[in-house]
Amino acid sequence: MTALEPSTTPGSSAPGGLVKSVVELDRVVIRLAGDSGDGMQLTGNRFTSETASFGNDLSTLPNFPAEIRAPTGTLPGVSSFQLHFADHDIMTPGDAPDVLVAMNPAALKANLADLPGGGLVIVDSDEFTPRNLAKVGYATNPLEDGSLEGWQVVSVGLTSMTLEALKDSGLGKKEAERSKNMFTLGLLSWMYHRPTEGTVRFLERQFRRKPEIAAANIAAFRAGYNYGETTEAFAVSYEIKPAPMSPGRYRNISGNQALSLGLVAAGQRSGLPVFLGAYPITPASDILHELSRHKAFGVRTFQAEDEIAGIGAALGASFGGALGVTTTSGPGVSLKSEALGLAVMTELPLVVVDVQRGGPSTGLPTKTEQSDLLQAMFGRNGEAPLPVIAPRSPGDCFDAALEAARIALKYRTPVMLLSDGYLANGAEPWAVPAADELPDLRVEFATEPNGAAADGTPEFLPYLRDPETLARPWAVPGTSGMQHRIGGLEKADKSGNISYDPANHDLMTRLRQAKVDGIAADIPATDVDDPTGGARVAVIGWGSTYGPIGAACRQIRNSGREVAQIHLRHVNPMPADLGEVLGRYDRVVCPEMNMGQLALLLRAKYLVDVQSHTQVRGLPFRAAELAAVVQDVIDSTTSTSTAPTGGTK
């Protein structure tokens, strides 16, 4: 069954004798939208948590304004949360909602165009006042003028019913109104058979110091649930069965949470303390918040006065024998660029997390983009190469963080980890790994001389390289006999002394590049999904485009066509076999949330005529859009191969 072809089963009798049917669906996409103060993100997160505990596969897309508090009831102040959940494996938060919950006229106007005809709209009719309608340019009330006839509209007095439910709570009108998001959550929990116990426990824990607020929110939540059971406005409820998953322990996790836990795990598996030097910046700040909770695992967090201080402290921690980490977004990378060059020159391990957002400058702080790739590759003075890694999903941020730490520690290099706002704030079920199955990241510090002076006296050569990795020794300050020079001036080969010799600079530049290039031998082969091996068109992506590209390829294959999906986690260096893989296909399409940065790199490195498809709307790709683009490429490739060739008569 699909969401458009439900099966209906008899339901139970609600109080009062009203019999309601249960409609079984295989998937549904719900979007909650309201004013920034309506608690849509909290409501969405709670619904997501209960959906995860129920066992559905899910993917989320929070979308909120950059302003701390835009004017109430205006279009710039609309905040939304989209959740796609299903009884099978899914890859995106959905192209468009099946259900839109609009808490006011602004939310309706901002989101209605995304709701397909026939979709369900639930609105808080109490908020459709003349004043609120005028704020967003409605000349007449859309609930009364017939303009919503193309959709299923259910008007519910969410505000007034919340106030009625809390009339004996002792709260004032304004305080009581804040609980209408919980009334809405209760109604949706009834509609989709979500568990309720977890939400009650969450509210009790969240407001444990304000028991009257906890009681009010729980009362509103239960009132919404009971309303769904008893009202005639909703004749059916919906059931989406749990998705089949491999045995294991799962939790709902966002990208920033997963990345944080990956860094904690890296510290545990390396035996090193983790030091985070960070300046708060959207959308990376949650990593600082999360890591600050894990002092028991040897994690130390430092909220610096600016971006430069953050990376300087992290690099200093690495010099002192810790796993140094700094987190930021695009504008912060710009400020950190000089210190990144210092990390390249000193050849110390450092993990630099860039949670990308829309740019340039302050840009779109709360929206997603992939536009920092070339900055990660080349955004430093001089020849300053460093590895670049990109996770593909919220849960994959854990593994990507571990991989970034592994490379940084093994090769003594800063590593750039490129997440983005979509991954950072989005969530999905994540299988919790067993700690003893994670990679061993232990390192050996230099404790003994590794060379000899001209007179034969043993000495420490800080730039004498490991022949396999080209990594230099890592000596912790204070270790007897391991004193060495540090700083940004060019180092003499082996000794690390300051050197202005042209031949030495050429040698050291090539060694630093060769070290990064050599990592290609230490990473997996190219990730290719080509089920039959007969595809002539390949779609290549990196980072968070994995989900939309994968969903688009599924749609194309379901239509009977063949297409390959290639995904890059390691963007620098790229997998050693990538050139050969790209050469198998007649056409290569590269969708990116930028103006074609990976496509530029692929064309330059492999001389492949990559077809770039780009968008910079602050939102992830829609699978249907990508499917249409790729389908056109497949059709043109097929028609070219079957066209008659010319000849002489």
Side-chain angles (χ1 to χ4, degrees), residues 28-52 58-85 93-94 96-115 119-128 132 135-136 154 156-159 161-162 174-189 191-192 194 199 202-203 206 217 220-221 224 252 254 282-283 286 365-368 421-422 424-427 618-620:
V28 71
V29 181
I30 300 174
R31 183 181 298 177
L32 302 162
D35 194 74
S36 294
D38 286 337
M40 293 297 94
Q41 303 305 318
L42 174 62
T43 306
N45 282 322
R46 283 313 313 159
F47 194 86
T48 298
S49 294
E50 299 300 348
T51 297
L58 62 89
S59 180
T60 69
L61 177 62
N63 190 5
F64 41 87
E67 289 75 15
I68 294 175
R69 192 68 177 87
T72 303
T74 62
L75 291 172
V78 174
S79 174
S80 68
F81 188 102
Q82 184 162 302
L83 167 66
H84 182 192
F85 59 105
D98 303 304
V99 180
L100 171 64
V101 180
M103 304 296 282
N104 60 19
L108 179 67
K109 190 164 191 176
N111 292 279
L112 187 62
D114 292 336
L115 186 69
L120 176 62
V121 186
I122 302 173
V123 297
D124 182 1
S125 56
D126 293 329
E127 291 296 315
F128 281 69
N132 286 344
K135 284 182 181 180
V136 294
V154 180
V156 181
L158 296 174
T159 302
M161 284 192 287
T162 301
K174 189 173 182 180
E175 284 184 310
E177 280 185 3
R178 291 176 182 161
S179 297
K180 66 180 180 181
N181 64 326
M182 288 297 106
F183 187 100
T184 305
L185 179 59
L187 173 59
L188 291 173
S189 297
M191 285 182 64
Y192 293 97
R194 301 296 92 183
T199 295
F202 167 80
L203 292 171
Q206 185 77 3
N217 278 284
F221 174 68
N252 180 50
S254 71
T282 303
D286 285 343
T366 61
K367 310 301 179 184
T368 195
Y422 168 39
N425 297 314
L619 294 169

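Here the structure is a predicted model, which means the values were calculated and not measured.
- Thr51 places a side-chain heavy atom less than 4.5 Å from the side chain of Leu83.
- Expressed to the nearest 0.5 Å, how far CG of Asn217 lies from CZ of Phe183 amounts to 13.5 Å.
- With sequence neighbours left out, Arg194 forms a salt bridge (charged side-chain N to carboxylate O under 4.0 Å, His left out) with no residue at all.
- Every salt bridge (charged side-chain N to carboxylate O under 4.0 Å, His left out) that Asp35 has, sequence neighbours left out, goes to Arg69.
- Contact annotation: the side chain of Glu177 never approaches that of Thr162 to less than 4.5 Å [non-hydrogen atoms, C-beta and beyond].
- Counting heavy atoms from C-beta on, the side chains of Thr48 and Leu58 come closer than 4.5 Å.
- Residues Phe64 and Val78 form no side-chain contact, since every pair of their non-hydrogen atoms from C-beta on lies 4.5 Å or further apart.
- Within the 3.5 Å criterion, the main-chain N or O of Gly34 finds no donor-acceptor partner in the side chain of Asn104.
- Annotation: side chain to side chain contact (heavy atoms under 4.5 Å, CB included) contacts of Asn181 (sequence neighbours excluded): Met40, Leu42, Thr43.
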Evaluation steps, side-chain contact (heavy atoms from CB on, under 4.5 Å), between Lys180 and Met103 = CA-CA 9 Å; Lys180 66 180 180 181; Met103 304 296 282; 4.0 Å; yes
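- Going from atom CG of Asn63 over to atom OG1 of Thr366 covers 7.0 Å, rounded to the nearest 0.5 Å.
- Side-chain contact check for Val99 versus Tyr192: some heavy-atom pair is nearer than 4.5 Å.
- Formation of a donor-acceptor pair under 3.5 Å by the Gln41 side chain with backbone atoms of Pro62 is not found in this model.
- Residues Val136 and Gly73 share a closest heavy-atom pair of CG1-O, 3.5 Å.
- Residues Ser254 and Asn425 are not in side-chain contact: their nearest non-hydrogen atoms beyond the backbone lie 4.5 Å or more apart.
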What do the steps show when you test Glu50 against Asn45 for side-chain contact (heavy atoms from CB on, under 4.5 Å), and what is the final call?
-> CA-CA 9 Å; Glu50 299 300 348; Asn45 282 322; over 6 Å; no
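- In terms of heavy-atom proximity, Ala424 sits nearest to Pro283 at CB-O, 4.0 Å.
- Annotation: side chain of Leu108 is in contact with side chain of Val121 (closest heavy-atom distance under 4.5 Å).
- Side chain of Asp98 to main chain of Val29: a donor-acceptor pair is present (N/O by atom type, distance under 3.5 Å, no hydrogens or angles).
- Contact between Asn132 and Glu127 at its shortest, heavy atoms only, is ND2-O, 2.8 Å.
- Thr60 places no side-chain N or O within donor-acceptor distance of the main-chain N or O of Gly426, the cut-off being under 3.5 Å.
- Separating the CG atom in Leu158 from the CG atom in Leu187 is a distance of 7.0 Å, to the nearest 0.5 Å.
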Could you walk me through whether Val156 and Ile122 pass the side-chain contact (heavy atoms from CB on, under 4.5 Å) test, one step at a time?
-> CA-CA 7 Å; Val156 181; Ile122 302 173; 4.2 Å; yes
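- Closest approach of Ser59 and Pro93 over heavy atoms only: OG-N, 3.3 Å.
- Between the side chain of Lys135 and the backbone N or O of Leu75, no donor-acceptor pair lies under 3.5 Å.
- A side-chain contact (heavy atoms from CB on, under 4.5 Å) with Pro97 holds for exactly one of Leu32, Leu120, Leu115; it is Leu115.
- Geometric assessment of Arg31 against the ring of Phe81 yields a negative cation-pi assignment under the 6.0 Å and 45° thresholds.
- Annotation: side chain of Ser79 is in contact with side chain of Pro65 (closest heavy-atom distance under 4.5 Å).
- Checked by atom type and distance alone, the side chain of Gln82 never pairs as donor or acceptor with a backbone atom of Ile30 at under 3.5 Å.
- Atoms CG and CZ, from Leu185 and Phe221 in turn, are 5.0 Å apart once rounded to the nearest 0.5 Å.
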